[in-house]
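One structure is given below, encoded as structure tokens.
Along the sequence shown, the residues carry numbers beginning at 1. Excluded from the calculations below are hydrogen atoms, water molecules and symmetry mates; all remaining heavy atoms, backbone and side chain alike, are included.
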Amino acid sequence: MNFFRGVIGGQAAGPQPSGAETIQKLCDRVASSTLLEDRRDAVRALKSLSKKYRMEVGTQAMDHLINILQTDRSDSEILGYALDTLYNIICNDEEEEQDESEDAVTPLPVSGKHKNVSVPDENAQKQADDLGALFTDKFIQDPEHVTLLLTLLEEFDFHVRWPGVKLLTALLKNQGVQLQGVILVSPMGVSRLMDLLADSREVIRNDGLLLLQQLTKGNAAIQKIVAFENAFERLLDIITEEGSSDGGIVVEDCLLLLLNLLKNNSSNQNFFKEGSYIQRMKPWFEVGDDNSGWSAQKVTNLHLMLQLVRVMVSPVNSPGATASCQKSMYQCGLLQQLCTILMATGVPADILTETINTVSEVIRGSQVNQDYFASVNAPSNPPRPAIVVLLMSMVNERQPFVLRCAVLYCFQCFLYKNQKGQGEIVATLLPSTIDANSISAGQLLCGGLFSADSLSNWCAAVALAHALQDNLTQKEQLLRVQLATSLGKPPVSLLQQCTNILSQGSKVQTRVGLLMLLCTWISNCPIAVTHFLHNQENVPFLTAQISENLGEDERLVQGLCALLLGICIYYNDNSLENYTKEKLKQLIEKRIGKENFVEKLGFITKHELYSRAAQKPQPVFPSPEQMLFDHEFTKLVKELEGVITKAVHKSSEEEKKEEEVKKTLEQHDNIVTQYKELIREQDSQIQELKEQVASMTSQNEQKQATITQQLSQIQQHKDQYNILKLKLGKENQSQSNSQGDVSQVNGLQTEELTQLREEVEELRKQHTLLQTQLDDKDALINTLRSEAAQTAEGSAGGSENTELLKELEALRSQVQSQSTEINQLQTEREELLRRAEAGSSDVVHSSDGSLDSAKMAELESRLAAQMTETERLKEETKSLSGSRADLEQQLASATSTVAILQTEKAKLQTEVQESKKEQDDLLMLLADQDQKIHSLKQKLKDLGETVEDEDDLDAREQTDDDEEEEEEEEDED
């Protein structure tokens with residue numbers, strides 16, 4: 001312990017050891033001491049020396065410190081000291097932390113390798129970085145060290161968990177890729193780190209955010225795991241708890257982590273959208289009326305929030321994912337909130353610029369969002385559209401350069417794939433729509449196009465070119481625009497004015513912008529080409545510009561002039577005799593030379609700013625002088641450069657052949673179009689037929705239900721008839737025993753009996769007719785049944801035929817049963833009539849007798865009852881007539897079924913014939929096989945092999961069977 005007293009307690013007598021010697025003794029003490037307190041004190045001393053003697057502690061003590069982490073897991077204090085020491089030797093940060101008084105040690109003499117300076121120079125910083133990378137490599141040589149560190153992070157003790165988080169963060173900063181690979185394969189490695197966000201101690205939670213930032217950099221796999229560990233929910237909760245945009249540095253760390261998880265990761269972006277997290281971003285952008293005095297942290301937070309929105313709708317994302325996010329942002333009101341910031345007052349310039357860029361990408365290519373943006377008005381008096389207000393800033397040379405670039409990008413995104421918006425912008429330039437009392441977008445663009453500021457010229461030209469992009473209608477409409485240059489002079493067209501400015505020799509930026517506008521305008525528009533060539537001065541000006549040998553700055557202008565002249569050749573409809581395709585090519589060959597022309601055309605793509613503009617749609621330039629190319633124009637150049645070169649080198653014969661090929665292709669396209677229309681018509685007819693089949697099926701089901709209902713009613717009538725028959729039988733018995741003087745009353749029934757007889761006779765005739773029809777159907781069904789039975793074995797459709805026969809048999813049995821019931825009813829009706837006639841004759845013969853009044857009253861009551869029963873029988877007859885009609889309908893359906901069966905029979909016969917042909921082919925094959933087998937057996941016999949014939953095998957099997965039967969009989973005996 002005297003050694004620690006010398007180091008910790010005060011100066012010891014005698015010469016002091018050097019720093020390296022002291023560290024070596026401390027390392028020996030850590031390695032050899034058996035007491036935990038001695039090891040703890042030694043590690044604490046190493047921690048105090050680790051910042052000043054970083055090299056010595058790292059090279060001598062790292063292995064001992066790692067061993068402490070492995071062996072002394074039970075003591076949290078020594079673990080904390082060891083982790084802090086490792087952090088000090090690995091971390092490259094220059095910030096010095098004040099040690100606590102209990103950890104302070106007496107400073108040792110400096111060996112000359114380290115000097116206390118306030119601001120380290122570049123060499124010292126580079127040396128520190130090299131040391132951090134060196135010790136990091138040494139630590140992660142064994143992946144188990146990283147696994148051990150991840151295990152220590154599960155300790156809840158603050159003195160272990162916090163140094164562990166800082167150490168792992170420092171390791172990731174120095175060797176992020178290697179460490180990411182180790183953590184990725186470690187079981188539950190990422191999950192353990194995600195638990196840091198749930199720690200109740202803010203220091204650990206905040207450092208956990210920094211750790212996850214380093215962990216998720218550039219590794220899509222880890223980003224996905226972190227996202228699916230519910231990171232979005234936790235981070236958004238932390239942002240809300242910390243006050244959203246008004247929060248502190250913690251909100252910034254959360255937003256940086258969210259950017260790491262979402263940027264260039266389509267899976268996480270989709271998960272973020274599907275989890276409805278876009279809706280939770282809307283409250284971030286709620287700003288009040290008083291926007292003065294924003295803190296620097298709020299500006300930073302809001303800037304990152306806007307970047308987060310842009311990541312979700314970036315043009316580099318897949319179009320489907322971008323469109324889905326744009327739709328969600330409009331539906332949840334996020335776009336409306338951003339437009340509110342856009343039109344608010346007092347918003348800092350950099351936030352306003354980033355908001356314009358964000359709104360640009362939210363509306364880019366989305367028709368709904370573009371229409372909403374067109375309807376936004378600025379809070380001015382009178383109200384002006386937001387587009388007009390933004391364009392006023394773009395053509396104002398006093399506005400910041402980045403703001404003007406943002407407005408141009410916003411205007412480009414508003415017109416991207418928006419033909420409706422393009423038409424509205426061009427319409428503000430047409431004579432019929434110009435309003436002298438208000439400033440329109442077209443007036444601002446024309447003003448910027450012809451102003452003295454070259455940047456305004458370029459921005460206005462590019463903006464107007466986007467109003468014409470891929471829109472032939474607006475290109476033709478813009479030819480109608482007339483400009484009044486000065487008093488007393490006739491107006492000139494916009495196209496002519498642009499060429500006039502070109503010929504005046506203005507700044508390079510202005511000429512480049514105007515040439516891009518002209519190239520976009522006349523490309524794919526033969527009418528515009530004709531208007532351009534109609535001015536006799538344009539072609540000589542272009543050829544003169546191309547043929548001259550100018551300086552380096554003018555090469556780009558020469559290339560654009562060559563492109564413009566090439567477009568005049570490629571899209572020329574030969575309507576002007578002096579400037580046909582052939583004459584223009586001859587002019588190029590004489591004045592410029594074809595090779596020279598192609599070389600000048602290639603100057604465009606070889607320019608250093610061309611490739612930069614082609615990378616992304618947003619115009620981002622370090623300075624206004626470098627603002628020369630537009631992203632959409634680079635696409636046009638890439639598309640036209642090759643075809644123009646071919647068009648210049650082609651002969652007239654090749655052009656004629658191409659025209660013939662084009663005509664053929666057009667004819668082919670017309671034929672294809674006709675077939676497509678025919679297919680559409682057939683599809684519609686098929687759809688109509690399907691609907692008819694569906695309706696007929698439903699009607700059939702309804703009729704089947706009606707038949708079932710009628711059958712049930714017939715059964716009910718049958719039951720009622722049986723009851724009536726029983727009652728009538730009883731009354732007849734009582735009437736036979738007593739006969740009275742009822743001749744007068746019976747005389748009244750004579751007419752009714754006559755009608756009943758006629759009805760019975762008519763029913764009998766109808767029954768005979770139905771019976772004849774049934775016999776004919778039965779004969780036809782029997783014929784079909786016999787034929788179907790013959791063809792059932794060889795046809796796949798036999799089962800369907802059998803089912804149809806069963807249905808016909810069922811219908812026939814129903815009709816037969818109904819006919820039987822009708823016969824029974826007729827028989828019983830005749831019996832009733834016969835009995836009534838007999839009763840009336842008996843009453844006439846016995847009228848001489850006299851009965852008392854009581855018996856007469858009884859007979860009269862019975863007679864009234866009989867008349868009531870007769871009325872009921874009449875109603876029953878009517879219901880039977882209805883049943884007969886139903887049976888006739890069933891017979892009609894049976895007739896149609898028979899016709900269907902006959903058709904099926906013809907098909908079955910055809911299939912039987914085909915199957916017979918197949919059987920004959922199989923028999924031929926079997927015969928050939930038998931012949932081959934016989935010849936092979938013969939060869940085997942000739943070779944001396946024993947070959948048994950099938951007959952011999954059958955005989956042997958028969959002999960074996962006989963022997964078995966004899967043995968069984970003997971056993972039974």
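A donor and an acceptor atom, one from each side chain of Ser360 and Arg310, are nowhere located under 3.5 Å apart. Side-chain atoms of Gln367 and Asp371 include a donor-acceptor pair closer than 3.5 Å. Using modelled atom types, one finds a donor on one side chain and an acceptor on the other under 3.5 Å when comparing Gln422 with Asn471. Side chains of Ser575 and Asp573: a donor on one and an acceptor on the other come within 3.5 Å. Side chains of Arg480 and Gln477: a donor on one and an acceptor on the other come within 3.5 Å. Of the N and O atoms on the side chains of Asn357 and Glu361, not one donor lies less than 3.5 Å from an acceptor on the other residue. Side-chain contact check for Tyr416 and Gln469: no donor-acceptor pair (N or O, by modelled atom type) lies under 3.5 Å.
Dense packing is recorded around CD of Glu548, with more than 12 heavy atoms of other residues, nucleotides or ligands lying under 6.0 Å away. Annotation: Gln586, atom CD; neighbour count of heavy atoms from other residues, nucleotides and ligands within 6.0 Å is above 12. More than 12 heavy atoms of other residues, nucleotides or ligands shown are found within 6.0 angstrom of CZ on Arg280. The number of heavy atoms from other shown groups lying within 6.0 Å of NZ (Lys583) is above 12.
With Tyr579 contributing its side chain and His534 its backbone, the two residues share no donor-acceptor pair below 3.5 Å. Without hydrogens or angle criteria, Lys263 side chain to Val311 main chain gives no donor-acceptor distance under 3.5 Å. Looking only at distances, no side-chain donor or acceptor of Gln370 sits under 3.5 Å from a matching main-chain atom of Leu415. With hydrogens and angles ignored, the 3.5 Å screen pairs no side-chain donor or acceptor of Ser314 with any backbone N or O of Asn317. In this structure, the side chain of Asn369 engages the main chain of Gln326 through a donor-acceptor pair within 3.5 Å. Looking only at distances, a side-chain donor or acceptor of Gln269 sits under 3.5 Å from a matching main-chain atom of Leu262. The main-chain N or O of Tyr372 is found under 3.5 Å from a side-chain atom of Ser375 such that the two form a donor-acceptor pair. With hydrogens and angles ignored, the 3.5 Å screen pairs no side-chain donor or acceptor of Trp294 with any backbone N or O of Val347. Panel note: side chain Ser456, backbone Val395; a donor-acceptor pair is recorded below 3.5 Å. One N or O on the side chain of Asn500 and one on the backbone of Gln496 form a donor-acceptor pair closer than 3.5 Å.
Ring geometry for Phe633 versus Phe629: interplanar angle under 30°, hence parallel rather than tilted (30 to 60°). The aromatic rings of Tyr277 and Phe272 sit tilted relative to each other, their planes meeting at an angle between 30° and 60°.
Residues Asn418 and His466 have side chains not in contact (no heavy-atom distance under 4.5 Å, counting atoms from C-beta outward). Lys273 is listed as a side-chain neighbour of Ser324, based on a closest heavy-atom distance under 4.5 Å. In this structure the side chain of Cys405 reaches within 4.5 angstrom of the side chain of Met627, judged on heavy atoms. Proximity of Thr428 to Leu445: side-chain heavy atoms (C-beta onward) are nowhere separated by under 4.5 Å. In this structure the side chain of Val402 never reaches within 4.5 angstrom of the side chain of Asp350, judged on heavy atoms. Looking only at side-chain heavy atoms (C-beta outward), Gln626 and Arg612 come within less than 4.5 Å of each other. Side-chain contact between Glu677 and Thr673 is present, with at least one heavy-atom pair separated by less than 4.5 Å. Proximity of Glu476 to Leu472: side-chain heavy atoms (C-beta onward) are separated by under 4.5 Å at one or more points.
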Intermediate values then yes/no, side chain to side chain contact (heavy atoms under 4.5 Å, CB included), Lys638 and Tyr610 = CA-CA 11 Å; Lys638 186 178 180 181; Tyr610 175 87; 4.1 Å; yes

request  = For the pair Tyr330 and Val362, evaluate side chain to side chain contact (heavy atoms under 4.5 Å, CB included) and give the outcome as yes or no after the intermediate values.
outcome  = CA-CA 9 Å; Tyr330 174 74; Val362 173; over 6 Å; no

request  = Take Ile501 and Asn457, measure what side chain to side chain contact (heavy atoms under 4.5 Å, CB included) needs, and give me the verdict at the end.
outcome  = CA-CA 11 Å; Ile501 296 176; Asn457 301 153; over 6 Å; no

inquiry  = For Leu494 and Phe450: C-alpha separation, side-chain torsions, deciding distance, then whether side chain to side chain contact (heavy atoms under 4.5 Å, CB included) applies.
reply    = CA-CA 11 Å; Leu494 178 61; Phe450 307 123; 3.7 Å; yes

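Here the CG-CG distance, from Leu584 to Asn574, works out to 9.0 Å after rounding to the nearest 0.5 Å. Remark: Asp669 CG to Leu665 CG distance equals 6.5 Å, nearest 0.5 Å. Between the SG atom of Cys459 and the CG atom of Leu449 there is a distance of 11.0 Å, given to the nearest 0.5 Å. The OG atom of Ser503 sits 10.5 Å away from atom CG of Leu542, with the distance rounded to the nearest 0.5 Å. A distance of 4.5 Å separates CD of Gln399 from OG of Ser393, quoted to the nearest 0.5 Å. Between the CG atom of Leu335 and the CZ atom of Phe285 there is a distance of 11.5 Å, given to the nearest 0.5 Å.
In this view, Leu479 and Leu495, Trp521, Ile527, Ala528, His531 satisfy the side chain to side chain contact (heavy atoms under 4.5 Å, CB included) rule, not counting sequence neighbours.
A side chain to side chain contact (heavy atoms under 4.5 Å, CB included) with Ile567 is found for exactly one of Val643, Ile644, Leu518, Thr520, namely Ile644. The side chain to side chain contact (heavy atoms under 4.5 Å, CB included) test with Leu342 singles out one residue from Val389, Thr355, Thr358, and that residue is Thr355.
Of all heavy-atom pairs between Ser454 and Gln509, the closest is OG-OE1, 3.0 Å. Across all their heavy atoms, Arg511 and Ser506 have their closest contact at NE-O, 3.0 Å. When every heavy atom of Leu628 is checked against every heavy atom of Phe621, the shortest pair comes out as N-CE2, 4.4 Å. Cys561 and Leu515 get closest at one heavy-atom pair: SG-CD1, 4.0 Å. Between Pro617 and Arg364, the shortest heavy-atom distance links the atoms CG-NH2, 3.7 Å. Contact record, Ala467 with Gln474: O-CB, 4.1 Å, taken as the closest heavy-atom pair.
Salt bridge annotation for Asp470-Lys635: absent, with no cationic side-chain nitrogen under 4.0 angstrom from a carboxylate oxygen.
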